[in-house]
Amino acid sequence: MGWMYHAWQGVKMKIKRVDQYVIEMPLKHPFVTSMGREEIVPKVITAVYADGLVGWGEAPVGAQPVYTAETVETCWHVQHTMLIPALLGSDVARGRDAGGLFERVRGHQMAKAGLEMALWDLEGRSKGRSVSSLLGGTRVQVEVGVSVGVQDSLSMLIDRIADFWSAGYRRIKIKIKPGWDAQIVAAVRAEFPAARLMADANSAYSLDDAPMLRLLDDHDLIMVEQPLAYDDLLDHAQLQAQLRTALCLDESITTPRRAREALALQSCRIINIKPARVGGLSAARAIHDLCLEQTVPVWCGGLLESGIGRASNLAVASLPGFTLPGDISATDRYWREDIIEEEFVLNSDSTIDVPQGPGLGVTVLPDRLEQFAVRCEVYRA
Ligand code: MG
């Protein structure tokens, strides 16, 4: 009986140590959305040690609570006071065990997701399997696109997109906001008739803007992403009923339950799954499974991740229901220097390879981490 249990459950690992870092990475180019401008991107990185192995995780939290309510400070605090103490000394075998360990803490999805990612990495390393294979991924390359922020002028936007187009990106997402919307989308469509285009408003509109949003129907967009309030489902359902273009929800989907509610209310026809926003890889997979069952397409969004989070996003996007290209650009789209050794590059068919090595399949560079670190704490069982 004993061996059967182990074969099924996986060998348990005792968590001996956790390292927690705040790092700040300088972007190659400032990134502007309806929420603001970013030049330095902070993150909380964690390393979880067990059985001579180390797993890495990233919480892509902002300095300010403008995308979600979480910030670097809240993430640090919740990991420090609740999540890391729950992990230390515990016996875990699998990434999915994090859900039970962290159950007492409400919300704080990114704080949980960062540590959960490290457990998936550890599990993969201990079994010699990639996180993609542990999750049930079916692709070795995933189709990707690029997200282009608000620019100072239309001609700058066109130039920027032209650069990405010649680099090989075939799906282009543009950020919109009041005053930078229907006309801009029309101009981009005229310039790039073959592009798979989408527009992301990051909650910049209300239902009163429905007449303007209906104008977007003329430009053959794959989707309009999160036009209304960041925590809304009902108004989006009303707007979706008035549009031909599919609405996609991002900010509103924070848990598998919210995804189920959104589908029941017909608030959207597409879901953007960001594992960090929904509490980690297990929740991301649960939302994927639900959408696959209901034939709702999903895709993987990005949060200006370092190579650690990028590797994790690629693993998630290898699941069969991720039928739309993700916001998972090549390393050089955002960074001159990343904290991992490997570089993600764009293939000629607008895809990126899913890492196949054990765990997340990437190697963290200690010197680079040190260079970007502004805070570090070591916890031992
Ligand atoms: Mg978005």
Side-chain angles (χ1 to χ4, degrees), residues 15-29 31 38-63 72 75-76 79 84 87 95 110-111 113-126 128-132 144 275-276 280-281 302-317 328-347 352-380:
I15 305 296
K16 296 269 173 52
R17 169 180 163 182
V18 177
D19 297 350
Q20 185 189 30
Y21 301 85
V22 174
I23 63 167
E24 292 181 347
M25 294 176 68
L27 279 172
K28 236 166 126 173
H29 304 279
F31 194 71
E38 292 187 85
E39 290 179 56
I40 303 281
V41 181
K43 322 169 159 308
V44 177
I45 302 289
T46 42
V48 177
Y49 297 75
D51 291 359
L53 296 169
V54 55
W56 291 90
E58 169 174 355
V61 276
V72 170
C75 177
W76 181 278
Q79 289 187 342
I84 294 174
L87 261 186
M110 292 193 188
L115 286 165
E116 195 231 28
M117 187 191 296
L119 290 183
W120 281 96
D121 189 23
L122 255 185
E123 177 183 356
R125 287 175 195 277
S126 74
R129 290 178 60 190
S130 68
V131 171
S132 165
V144 300
L281 300 177
L303 288 165
L304 307 179
E305 283 94 347
S306 76
I308 299 173
R310 196 165 306 273
S312 170
N313 284 345
L314 285 162
V316 170
I328 314 174
S329 312
T331 305
D332 71 359
R333 153 79 179 95
Y334 293 113
W335 316 115
R336 278 200 184 85
E337 294 180 315
D338 199 350
I339 56 172
I340 62 162
E341 195 177 306
E342 297 78 5
E343 185 167 358
F344 293 110
V345 293
L346 188 71
N347 300 317
I352 294 182
D353 295 350
V354 178
Q356 299 300 316
L360 293 172
V362 296
T363 316
V364 173
L365 297 167
D367 292 352
R368 208 51 77 61
L369 196 63
E370 199 67 28
Q371 175 192 337
F372 293 138
V374 293
R375 195 165 166 188
C376 175
E377 188 157 341
V378 175
Y379 307 79
R380 292 178 203 274

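Counting heavy atoms from C-beta outward, S306 and K43 have side chains that approach closer than 4.5 Å. Contact annotation: the side chain of M25 never approaches that of Y334 to less than 4.5 Å [non-hydrogen atoms, C-beta and beyond]. Taking 4.5 Å as the limit, some side-chain heavy atom of W56 sits within range of a side-chain heavy atom of L369. Residues V54 and D19 are not in side-chain contact: their nearest non-hydrogen atoms beyond the backbone lie 4.5 Å or more apart. Counting only heavy atoms from C-beta outward, the side chains of I352 and R310 never approach each other to under 4.5 Å. Residues L122 and I15 form a side-chain contact, since some pair of their non-hydrogen atoms from C-beta on lies under 4.5 Å apart. In this structure, the side chains of T331 and V345 stay at 4.5 Å or more apart for every pair of heavy atoms. Inter-residue side-chain proximity for V131 and S312 is flagged as unmet; no heavy-atom pair is nearer than 4.5 Å.
Across E58 and L304, no two heavy atoms sit closer than the pair OE2-O, 4.5 Å. For R333 against F31, the heavy-atom pair with the smallest separation is NH2-CE1, 3.4 Å. Considering every non-hydrogen atom in both L346 and V144, the closest pair reads CD1-CG2, 3.5 Å. Of all heavy-atom pairs between A311 and V362, the closest is CB-CG1, 3.7 Å. The minimum heavy-atom distance linking A111 with C75 is given by the pair CA-SG, 3.7 Å. When all heavy atoms of T46 and A118 are compared, the closest pair comes out as O-CB, 4.3 Å.
The residue from I308, D121, D338 that alone fulfils the side-chain contact (heavy atoms from CB on, under 4.5 Å) condition with V364 is I308. The residue from R17, K16, Q20 that alone fulfils the side-chain contact (heavy atoms from CB on, under 4.5 Å) condition with Y379 is Q20.
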**Report entry** V44 vs V22, side chain to side chain contact (heavy atoms under 4.5 Å, CB included): CA-CA, chis, key distance, verdict
**Finding:** CA-CA 5 Å; V44 177; V22 174; 4.3 Å; yes
Requested in this report: Check the pair Y49, V378 against side chain to side chain contact (heavy atoms under 4.5 Å, CB included), reporting the backbone distance first and the verdict last.
Outcome: CA-CA 11 Å; Y49 297 75; V378 175; over 6 Å; no
Requested in this report: Report the C-alpha separation of L115 and V18 in whole Å, then their side-chain angles, then the decisive distance to 0.1 Å, and conclude whether the side chain to side chain contact (heavy atoms under 4.5 Å, CB included) test is met.
Outcome: CA-CA 9 Å; L115 286 165; V18 177; 4.3 Å; yes
Report task. Using the side chain to side chain contact (heavy atoms under 4.5 Å, CB included) rule, take L303 and M110 through it: C-alpha gap first, then chi angles, then the decisive distance, then the call. Result -> CA-CA 11 Å; L303 288 165; M110 292 193 188; 3.9 Å; yes
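Taking CD of E370 as the reference point, atom OH of Y21 lies at 6.5 Å (rounded to 0.5 Å). One finds the CG atom of L87 at 10.5 Å from the CD atom of E116 (value rounded to the nearest 0.5 Å). Note that CD1 of I45 and SG of C376 are 11.5 Å apart. Values are rounded to the nearest 0.5 Å.
Remark: side-chain polar atoms of E123 are paired, donor with acceptor, to backbone N or O of G95 under 3.5 angstrom.
For the 3.5 Å distance criterion, the side chains of Q356 and S132 fail to qualify, holding no donor opposite an acceptor.
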